[in-house]
Each structure stands twice: as structure tokens, then as C-alpha cells.
2 protein chains.
Amino acid sequence: MSKHAKEMGVLKDHLGKHQLKFTRQRELILDAFLKQEHITAEEMYHQLARKDPHLGLATIYRTLNLFCEAGLAQARHFGTQTQYDNISHKGHHDHLICTGCGKIVEFENCDIERLQEEVASRNGFTIQTHRLELYGLCSRCRH
Amino acid sequence: MSKHAKEMGVLKDHLGKHQLKFTRQRELILDAFLKQEHITAEEMYHQLARKDPHLGLATIYRTLNLFCEAGLAQARHFGTQTQYDNISHKGHHDHLICTGCGKIVEFENCDIERLQEEVASRNGFTIQTHRLELYGLCSRCRH
DNA sequence: TCATTTTTGATACGGCTTATCAATTTCAAC
DNA sequence: GTTGAAATTGATAAGCCGTATCAAAAATGA
């Protein structure tokens, strides 16, 4: 039994409900995707080039978008590229970014996350993932 | 004295520190920008077409990016376009984004902002601005 | 196996943003 | 107010990312 049996089930379920087919490529891409916390289509294209040199970039895009529809992934625009987040990955962290020197500090805050849930449910939303970035100056750059 | 004297000062300060020049176009674009809470380059292009039909789109992009560097604006990628947020605008708002239909709900939450300040100061940071986006499904898309 | 429907891979295309570059403007020094 | 070096502008070409297209291949169910 595969390490990713649960997610594979979610995918097959989605495929079944939408008259879509289970293909070698979709399986390959899902396996690779689930090993990451987040990835871009281009990155995955290069990663998989060894396993299957003929796998097309368009197929990667299509498949990652399929994962979004199936609820396995979450697309996020980061700079000019689209990043696909692995929803099943635990331990999402947020960032403090120094606009002076570019230093990045990661943090996690349960209270903030709880309040986010509150805001979401008040608006009828169910959160899948989030992005929180605080921009400012670190102590060294403040002078 | 202009309504936007403070921001104009910030801009001139930035220009001075980087050997950049104060131009008619930059003044025009800043005035238009500060009247908005957020805007895309394309939108501004059309807005300003009346005041200055020869103002080029490239100049708008360049200038909005300049505002980001000066700390007056913040770029945010929404779908395929880039939106420029007016940082000086009171009531910075965060976004709930539906991954199903793309609906965007704006919100503000003082408690979250207070906790952000706490996290920042605990790490020696002074926050200038932030970005918080919650991704999930709205009530309609949850089925 | 066969027939039907979906998927794939290669590539053309499209939208948004940046790079290029000659002409113009700014601005400090005279 | 002229002058001249340096930056900016505007027009447009180029670039990048992601999607659409479509003939060939693969998957599913009878």
C-alpha cells in the first residue's frame, strides 16, 4: 500500500465523479507532488524529466490544476509564478520579512490562526490554507 | 498645500536618496494613486488617458514599482494581474479568497493586527505593512 | 477486442510586464 | 538663463507564464 493512499483515494474519487480517467501521468505527478510542501510547474517539470523525459509541461499544468479542483492542492501567485501548495502538508508557517536587508524569519502563531478561522467562518468560508507576511525593519536595519 | 503633502514628501525623499528625478508624470501618477485604495496599471492607464493622452503604459508600471520601493505602495498578484495597494490608506484590509469561484471578501481584524505587532516586536521587527490572505471555499462553493 | 471518450504532448497563442533605445526632460553648475 | 551630464519618457519589441489547440495515443466499459 502506497504512502499516499489517502490522497490517491481523494484523486480517484474526484476522477470518478467527473468522468475523468486515471492515468500513469497523473499518478506520477501526484506522487511527486505529495513529497513537497509546495512546488511550481516548472520545478516539477525538471524533477520529473528523469523519470519520464517525454512528460509535457502542459500536462503538469493541467494536472496541478486538477489537484486544485480535487482539493489536494492550492494555487498561489508568488511573484510572477504560480506556486502549488500541498494542502495535506502540516506545519504551515508565516514570515517576517525585513525590507531593509531581506532577512526572513519564520514563525507560527496559534492565536492568529484561531482568529483567522473565526473571520472565515463569520463569512461562511472554510479555510484551506493562508498566507501571512509581515514586512518591516529588523532591529539592525532600524537605524 | 496639497492634500497628499506627506506622501509627496516620502516620494521626494526617496528620489533624493537615489539620484532620481521628480517629474511631471510621477507627480501625476502619485496624485491619482493616492486617491485609490488599490489599482492596476491598466486601470490607471485608462484613468489618466484623459489628463495626459500621451502617458505611456510602461511609465505607469515603472512608477508604480517605484512607489513600492519608496514604501508608498505594495504589489500584490491577483490572478494574472498585479494590483498595487495604497499603503497610506487607512484600514488596511486583508482578503478572504474563494478558491472555487474566485470571490474576494475584504476584512479587517484588530485582534489579528495586535498579535502581529506582538510577534514582530518579539523578533525585534517594526512592521511597515503586511499581507494576509486566507484561501478557502465560500459557502456556495463548498458542495 | 472494440468503440468511445478522455488524455497527452508539442506547440501556437495570448495577456501581462519588463527591456530597449532614441528623444526629451530634469537639475545642478555655471 | 544656459549648458551639459544624467535620468526619464514613450513606443514598441521582447519575454515569460500559463492556456488553447489538435492529431495521436491511452484508458475504460461493453
Side-chain angles (χ1 to χ4, degrees), chain A residues 8 11-30 32-33 38-70 73-85, chain B residues 8 11-30 32-33 38-70 73-85 99 102:
Chain A
M8 199 64 80
L11 176 60
K12 286 190 175 173
D13 203 56
H14 180 84
L15 296 176
K17 281 180 183 159
H18 295 79
Q19 292 159 232
L20 303 175
K21 295 175 176 174
F22 185 73
T23 65
R24 183 181 60 76
Q25 288 88 340
R26 285 175 178 167
E27 184 174 15
L28 185 66
I29 295 171
L30 182 59
F33 176 68
H38 45 68
I39 196 168
T40 64
E42 201 77 33
E43 282 165 6
M44 178 159 289
Y45 181 63
H46 289 116
Q47 266 190 34
L48 291 180
R50 266 177 275 165
K51 289 200 172 181
D52 181 353
H54 294 295
L55 187 59
L57 186 54
T59 299
I60 309 240
Y61 275 107
R62 279 186 295 234
T63 305
L64 288 172
N65 286 334
L66 172 70
F67 293 171
C68 291
E69 281 154 28
Q74 160 75 55
R76 231 174 15 177
H77 300 279
F78 212 68
T80 68
Q81 286 195 117
T82 300
Q83 189 165 97
Y84 293 86
D85 292 4
Chain B
M8 197 65 80
L11 176 61
K12 286 190 175 172
D13 203 56
H14 179 85
L15 296 176
K17 282 180 183 158
H18 295 79
Q19 291 160 234
L20 304 175
K21 295 176 177 176
F22 185 72
T23 65
R24 183 180 60 75
Q25 288 88 338
R26 286 175 177 167
E27 183 174 16
L28 184 66
I29 294 172
L30 182 59
F33 176 68
H38 45 67
I39 195 167
T40 64
E42 200 76 34
E43 282 166 7
M44 178 159 289
Y45 182 63
H46 289 116
Q47 266 189 35
L48 291 180
R50 266 177 275 166
K51 288 198 173 181
D52 182 351
H54 294 295
L55 187 60
L57 185 55
T59 300
I60 309 242
Y61 275 106
R62 278 187 296 235
T63 306
L64 288 172
N65 287 334
L66 172 70
F67 292 170
C68 290
E69 282 155 26
Q74 177 173 345
R76 188 200 304 263
H77 301 279
F78 257 137
T80 67
Q81 285 196 118
T82 300
Q83 188 166 96
Y84 293 86
D85 292 3
T99 58

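Each chain gets a letter, A, B and so on, in the order its sequence line appears, and its residues count up from 1.
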### Message
If you compare all heavy atoms of B:Y45 against all heavy atoms of B:L55, which two are closest, and at what distance to 0.1 Å?
### Response
CE1-O, 3.2 Å
#### Entry: Nearest-0.5 Å distance, CD of residue B:Q81 to CD of residue B:E43
7.0 Å
### Task
Round to the nearest Å and state the distance from A:L15 atom CG to D:dG29 atom P.
12 Å
### Query
Does the A:R26 side chain pair with the main chain of A:K21, one donor and one acceptor, at a distance under 3.5 Å?
yes
### Message
Tell me the interatomic distance from B:I29, atom CD1, to D:dT8, atom P, rounded to whole angstroms.
### Response
13 Å
### Message
Expressed as a whole number of angstroms, how long is the span from A:H77:NE2 to D:dC17:C1'?
### Response
11 Å
### Message
Under 4.0 Å, counting only non-hydrogen atoms across every strand here, what does A:E42 touch: a base, just sugar-phosphate, or nothing?
### Response
nothing
### Query
Would A:Q47 and A:I39 satisfy side-chain contact (heavy atoms from CB on, under 4.5 Å), going step by step from the backbone distance to the final call?
CA-CA 10 Å; A:Q47 266 190 34; A:I39 196 168; 3.6 Å; yes
### Message
Could you walk me through whether A:Q74 and A:H38 satisfy the side-chain contact (heavy atoms from CB on, under 4.5 Å) test, starting with their C-alpha distance in whole Å, then the side-chain angles of each, then the deciding distance to 0.1 Å, before giving a yes or no?
### Response
CA-CA 9 Å; A:Q74 160 75 55; A:H38 45 68; over 6 Å; no
### Query
Can you find a side chain N or O atom of B:T23 that sits less than 4.0 Å from OP1 or OP2 on D:dT9?
yes
### Summary
At a 4.0 Å cut-off to heavy atoms of chain B, the contacted part of DNA chain C spans C:dC16 to C:dC27
### Task
Under 4.0 Å between any heavy atoms, over every strand shown, what does B:L55 touch: base, sugar-phosphate, or nothing? Just pick one.
sugar-phosphate
### Task
Report yes or no: is there a donor-acceptor pair, N or O only, under 3.5 Å between the side chain of B:K21 and the base of D:dA6?
yes
#### Entry: 5'-most by nearest nucleotide on DNA chain D - B:P53 or B:R26
B:R26
### Message
Rounding to an integer number of Å, can you tell me how far B:L28 CG sits from D:dT9 C1'?
### Response
13 Å
### Message
Quick one, A:T23 and A:T63 - any side-chain contact, counting heavy atoms below 4.5 Å?
### Response
no
### Query
Rounded to the Å, how far apart are B:L57 CG and D:dT8 C1'?
16 Å
### Task
Would you kindly give the NE2-to-P distance between B:H18 and D:dT8, to the nearest whole Å?
12 Å
### Task
Report the distance from atom OH of A:Y45 to atom P of D:dG18, rounded to the nearest whole Å.
15 Å
### Query
Closer to the 5' end of DNA chain C via nearest nucleotide, is it B:L20 or B:N65?
B:N65
### Task
From the options D:dG10, D:dA20, D:dG18, select the nucleotide whose nearest atom is closest to the side chain of A:A58.
D:dA20
### Task
Assess the pair A:F33 and A:F67: is the distance between their ring centroids shorter than 6.0 Å?
yes
### Task
Test for a donor-acceptor pair under 3.5 Å between the base of D:dG10 and the side chain of B:R62, counting only N and O atoms.
yes
### Message
Just the rounded figure in Å: distance from P of D:dT8 to CD of B:E69.
### Response
11 Å
### Task
Tell me which of B:R24 and B:T82 sits closer to the 5' end of DNA chain C, going by the nucleotide each one is nearest to.
B:T82
